[in-house]
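Just passing along the structure, written as C-alpha cells.
Just so you know, ligand 1 is whichever comes first in the structure, and atom 1 is the first atom listed for that ligand. None of these values were measured; they are calculated from a predicted model.
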Amino acid sequence: MAYVISDSCISCGSCAAQCPVSAISQGASQYEIDPNTCIDCGSCAAQCPVSAIAQG
Ligand code: SF4
Ligand code: SF4
C-alpha cells in the first residue's frame, strides 16, 4: 500500500521535495501521492510538520 496524505495537509511542499521518485504533487486543495509511483520509503511521512502522511 502506498502512503496517503490526509486533509490535515497545509500544502507546505516539504514532502514533495523529499520524495525520491517524485510521486507527490500539488493537487487542487492539498498535496497528493500517486499510489502507482510511491515506493513506500516513508521519507515524506518523516518530513511532514503536521503528521498528515500515513501508510494507507
Ligand atoms: Fe515518495 Fe517515499 Fe513518500 Fe512514497 S513514501 S510518496 S516514495 S517519499
Ligand atoms: Fe502537506 Fe505535510 Fe506534504 Fe507539507 S509535508 S505538503 S503539510 S503532506
Side-chain angles (χ1 to χ4, degrees):
M1 284 297 290
Y3 277 70
V4 293
I5 298 176
S6 77
D7 58 11
S8 300
C9 173
I10 55 171
S11 296
C12 72
S14 295
C15 55
Q18 283 295 313
C19 183
V21 293
S22 300
I24 307 176
S25 60
Q26 190 166 20
S29 59
Q30 63 177 66
Y31 276 66
E32 302 169 339
I33 296 173
D34 177 356
N36 297 314
T37 305
C38 175
I39 56 171
D40 287 341
C41 72
S43 297
C44 55
Q47 192 67 217
C48 183
V50 295
S51 300
I53 309 177
Q55 201 155 19

Enumerate the atoms of ligand 2 whose separation from the nearest heavy atom of I53 is less than 4.0 angstrom.
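What qualifies from ligand 2 is 8 (S).
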
Need the ligand 1 atom indices (1-based, order shown) with element for anything under 4.0 Å from a heavy-atom of I24.
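Result: 6 (S).
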
Identify the protein heavy atom lying closest to atom 7 (S) of ligand 1, giving its residue, its atom name and the separation to 0.1 Å.
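For atom 7 (S) of ligand 1, the nearest protein heavy atom is I39 N, 3.3 Å.
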
Minimum heavy-atom distance between A2 and P35, given as atom pair plus value
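That would be CB-CA, 3.6 Å.
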
Among all the protein's non-hydrogen atoms, which is closest to atom 4 (Fe) of ligand 1, and how far away is it?
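So the nearest neighbour among protein heavy atoms is C38 SG, 2.3 Å.
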
C41: numbered ligand 1 atoms lying under 4.0 Å from its heavy atoms:
2 (Fe), 5 (S), 7 (S), 8 (S)

So the atoms of ligand 1 within less than 4.0 Å of a heavy atom of G42 turn out to be 2 (Fe), 5 (S)

Return a table of donor-acceptor pairs under 3.5 angstrom between the side chains of residues 5-14 and protein atoms on other chains or two or more places apart.
from	atom 1	to	atom 2	distance (Å)
S6	OG	S8	N	3.1
S6	OG	S8	OG	3.3
S6	OG	A52	O	3.4

With ILVMFWY side chains joined below 4.5 Å, transitively, what does I39's cluster contain besides itself?
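Its cluster mates, by chain and number, are V21.
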
From Q55 atom CD to C38 atom SG, the distance as rounded to the nearest 0.5 Å
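Here the rounded value is 8.0 Å.
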
Proximity of I33 to ligand 1 by residue part, where a heavy atom lies under 4.0 Å:
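I33 to ligand 1: side-chain contact only, backbone stays beyond 4.0 Å.
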
I need the full list of side chain to side chain donor-acceptor pair (under 3.5 Å) pairs touching residues 33-44, with sequence neighbours left out, sorted by first then second residue.
D34-T37

Give the minimum heavy-atom separation between I24 and C44, together with the two atoms involved.
CD1-CB, 3.7 Å

Pull up every protein N/O/S atom sitting under 2.8 Å from atom 4 (Fe) of ligand 2, skipping waters.
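Protein N, O or S atoms closer than 2.8 Å to atom 4 (Fe) of ligand 2: C12 SG.
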
